[in-house]
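To keep things clear, I will list the structure first and then write my remarks on it.
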Amino acid sequence: MELDSLYQEVILDHYKKPHHKGVPSGNFQVHHVNPNCGDEITLSLKIKDDTIQDLVWNGVGCSISQASASIMSDLVSGKSVPEAHIALAQFTELMQSKGTIKGDEDVLEDAIALAGVSKFPARVKCALLSWMAFKDAAIQNGARL
Amino acid sequence: MELDSLYQEVILDHYKKPHHKGVPSGNFQVHHVNPNCGDEITLSLKIKDDTIQDLVWNGVGCSISQASASIMSDLVSGKSVPEAHIALAQFTELMQSKGTIKGDEDVLEDAIALAGVSKFPARVKCALLSWMAFKDAAIQNGARL
Amino acid sequence: MTSPFNVTRIKRDFPIFQEEMRGGKRLVFLDSGATSQKPIQVMDAEREFYSKHNAAVHRGSYYLAELASEAYEGARARVAAFLAVSTSEIIFTKSATESLNLLAVSFERSAGALGIKPGDELVVSELEHHANLLPWQQLAKRTGAVLKWFEMNPDGSLDLTKIDQIITPKCKVVAITHLSNVLGSAPDIGPIIAAAHEVGAVFVLDGCQSVPHQPIDIAALDIDFLVFSGHKALGPTGVGVLWGKAHLLDQMEPFLYGGSMIETVTMTGATWADAPKKFEAGVPNMAQAVGLAAALEYLSEVGLPKIHSWEMELTAYALQGLKEIEGVTVVGPQGIDARGGVISFVIDGLHPHDVGQVMDQYGVAVRTGHHCAWPLIRKLGLTGTTRASFYLYNEMADIDIFLESVNGARDYFRNR
Amino acid sequence: MTSPFNVTRIKRDFPIFQEEMRGGKRLVFLDSGATSQKPIQVMDAEREFYSKHNAAVHRGSYYLAELASEAYEGARARVAAFLAVSTSEIIFTKSATESLNLLAVSFERSAGALGIKPGDELVVSELEHHANLLPWQQLAKRTGAVLKWFEMNPDGSLDLTKIDQIITPKCKVVAITHLSNVLGSAPDIGPIIAAAHEVGAVFVLDGCQSVPHQPIDIAALDIDFLVFSGHKALGPTGVGVLWGKAHLLDQMEPFLYGGSMIETVTMTGATWADAPKKFEAGVPNMAQAVGLAAALEYLSEVGLPKIHSWEMELTAYALQGLKEIEGVTVVGPQGIDARGGVISFVIDGLHPHDVGQVMDQYGVAVRTGHHCAWPLIRKLGLTGTTRASFYLYNEMADIDIFLESVNGARDYFRNR
Ligand SMILES: Cc1ncc(COP(=O)(O)O)c(C=O)c1O
Ligand SMILES: Cc1ncc(COP(=O)(O)O)c(C=O)c1O
């Protein structure tokens, strides 16, 4: 069933037990919404020694948006800004690929499980919501992304 | 040629030598335009003893609108208001008939020559311009039309 | 199928039902609340216009321009006949959204009784689609008028208990939906219309979800303005309707300025043509008006009373089925009274987006999210719903597949 | 026919040329300046959308909604490619008229540099179509801004001698036509654009009569906004385009409020989506956008440079012929420099309406009157003209019949 390529096991695991979900705090908080469906995310982080730290998010949304936020948080937490930058760029490319590329597991880790989303154009925004919030927060923290 | 039913001899005669064309004056002057083509008419008259008097008009326009103004002026001048009312009603009906009726010559006199106009919907407004101006002026003079 | 309604025959007029959906499934289209499918008769009417009558209306005296004007004005007459109003009271817009914005801006620009001044009150409800909320909300912001609204009860009806505080002598405009596009509920507009007229306000009815689905009696409703969209009524995209009472249209300023809506023009000033031309600047959406007339003719031929009762049969069957599925909650009115063929529901623990995605796998097209009525969704304490909406081309078998797909959605996530 | 331009083949794509006019005459369509005829490819594109892809865009996650979004956004991308601009800078409206009104109202509502305050200056010209005069004239009236304009010379060019007095540091917007729809003259906009930018004003180009007929280089022109109508470019009725520079669109307030143009909504306030969605409230004119994309593809395939030179051949031949008819005066530019395929003329002693009526008898469709540019006509001391406008489907033989009909019109009244 085509659906299983979208809802991979690892996605549902992250959805059921999301990582880094908590109470965002601090000066660098961003709030993003997906106006098509009403999904929302609040996210905060800190950049210290050029490293992503204390990333916490909260929000409501579908399994894809929630799992993507969890996976993204795992992936970028503790990474250097340039490393996060590469992951963000590759993930964005993967989402826009319409299923034509698979993604580099070394860079994207669990996020390659989201590759199937790219075949469902209406869901791409769900997967990208948290990543865009991360990008925005990091830029506000002075990162060049 | 279908065109000859539109441009009857009597129409072209009125067009070349319009009757009652002059310098409208007095308190009851109206100005009407046809916004589609820019044709304009100014018209004045007086109602005394329930009779249409001193009808004068001026304006620019195509042969149909000019001839129609001339014919209308001849027809209603000196007529009683109820007689003019009947002529106006019959003429309007004739114009909207799409060529299905011929008009009553006893009532409409030369105006039946305009019957052909009703087969050219875009020209009906040309023919009606002066009649509407007459109606408006008469109402302003207190006539019930 | 026991109903005498011949849905099989109707369906044959809609080519889209021959298309295959994902995985080769047949299309179960339950999103007519968003936009309807088009019968071949509507497509043919547009093509005939382009192939035989196409020219700029009102502007040429040549033969083809006569045919175009006849087609366009004929379409206006047919819309008027459909609504049982005067032809000169029908204005073609591009959509219900434009119709509502036209009203708001025209009131803003108009002098006299219709004009909006600081302190005037505008009234809507929590049921409204964004298209019937935002134009008034923003009008209030621009002019210093005050936006007020009727609150919604959990069953999708309006709370009329404070009607006297909501509609006061300061009220200028009351704009309410005839049928909620989210819940399918039909608010009790009678007392609201009466209250609006009592204080001298005009009443605007958003008929987007009612006009295509049931007979409407404008005179009996005693409303002042009505809007609806062609594309939800089997018509083409790109055409909407605004009906207004002649004496009100006469007092209103134009919305769009341009060709064909003028009486005279100089560099420094202009005067306007009479309605409806005053509100139709530019070369109009001629083919779409003609297509909409064909759509309304199609609806009339099938018969709106029949369409309505067929939709209610579908709705009753779907409601019944949904209630039998454990974990599913129907949102809004639970029964079939005071409602139309629109049903919103949620599944415990599942996000509507995920529900809709699984249903899509069954060929079922439903809408998920806030349905452009975000305040309503928030009021219900939800982030969204899954919505099924029915129309004359839906069969009872569609509902069976629909119910199967709802079950499938629940199980898909529960079992993994 | 010596030209390599294969008009016979092109004409076959336009079904309307099979229709019979009054008296069984064939159609000689010389009113493309008002609206163009449609090739079968455009009708097919619309029908394909309705038959295979129809669903509300941006709002559903089901398969059909994906196809509809792809078709609609694909159309946007193709319009952008046609104009060589970014896709997100293309806004679909219902017409050029709406595009221009959108700009005027958005500027009225916007804060910052683009906002219009009392004393600000807006500049147009005497050449303008009502659609590019009235929105600015009325904006000036509403806001206390001042409307100024370039005067027209008798040859249809603009008098630029007072450019420094007309475009001053108070100027906010300059809106000028690329090509006069009455005279066919192409004003020398280069110095005007430069002067506008010198004082920090934005420049709006009305491309209604140019975009469908000749290649346009937006970057080289250095303009800020461009508008045109789909129906004059072989496209469907009910669709227009507004192109604007991204950083300007970002600063602008919406025109229509409703669904799909929002970011968040509560009963008391709302925030907006980014352009282009910010300017496309409601279910859009999807099929018309798709049809317009097909039309522009058709034009690109034939090739705009070829189309332009073919039209200029027709124009040169028609101008030559008209000058040989005693009693006929061509109004506006007399030669083929700085002009397009639009010719206005008058016949001594005859009203344009009467001229057009006789020409109609020959199957010739021309427009008569003020052509929605009344100030221009008045400036020329006329009450109207007869206008012939050419497009890619016109043959040399059309011009012969045209000239014969002009002769016929003159003689018809002269000999009676
Ligand atoms: C130069 C010009 N500008 C604007 C318009 C308005 O276009 P539309 O009526 O398609 O909105 C036209 C055509 O009528 C035109 O020729
Ligand atoms: C109740 C209601 N009002 C207004 C609208 C707006 O209609 P449109 O998007 O066709 O302009 C809709 C549909 O989206 C609706 O359901």
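Proteins come first, then strands; the chains are lettered A, B, ... in the order of their sequence lines, and each starts at number 1.
Counted within 6.0 Å of NE2 on B:His19, heavy atoms from surrounding residues, nucleotides or ligands total more than 12; the atom is thus considered enclosed. The environment of D:Lys323 atom NZ is dense: over 12 non-hydrogen atoms of other residues, nucleotides or ligands sit within 6.0 angstrom. Sparse packing is recorded around NZ of B:Lys135, with 12 or fewer heavy atoms of other residues, nucleotides or ligands lying under 6.0 Å away. More than 12 heavy-atom neighbours from other residues, nucleotides or ligands sit within 6.0 angstrom of NZ on D:Lys379.
Taking every heavy atom of both residues into account, D:His370 and B:Pro35 meet most closely at NE2-O, 2.6 Å. Shortest non-hydrogen contact noted between B:Phe120 and D:Gln357 is CD2-NE2, 3.0 Å. Between D:His351 and B:Tyr15, the shortest heavy-atom contact is N-OH, 4.3 Å.
Partners of D:Arg410 according to the salt bridge (Lys or Arg N to Asp or Glu O under 4.0 Å) rule, which considers only residues two or more places apart in sequence or in another chain, are D:Glu326.
With rounding to the nearest 0.5 Å, the separation of NE2 in D:His353 from CG in B:Asn34 is 7.0 Å. Atoms CG and OH, from B:Leu3 and D:Tyr362 in turn, are 9.0 Å apart once rounded to the nearest 0.5 Å.
Highest contact tally toward chain D, considering only B:Glu9, B:Lys16, B:Arg123, is held by B:Arg123 [criterion: heavy-atom pairs under 4.5 Å].
With a threshold of 4.5 angstrom between heavy atoms, B:Asp39 approaches chain D through side-chain atoms but not through N, CA, C or O.
Near-neighbour residues of residues 47-80 of chain B relative to chain D, defined by a heavy atom under 4.5 Å from a heavy atom of that chain, comprise B:Val60, B:Gly61, B:Cys62, B:Ser63, B:Ile64.
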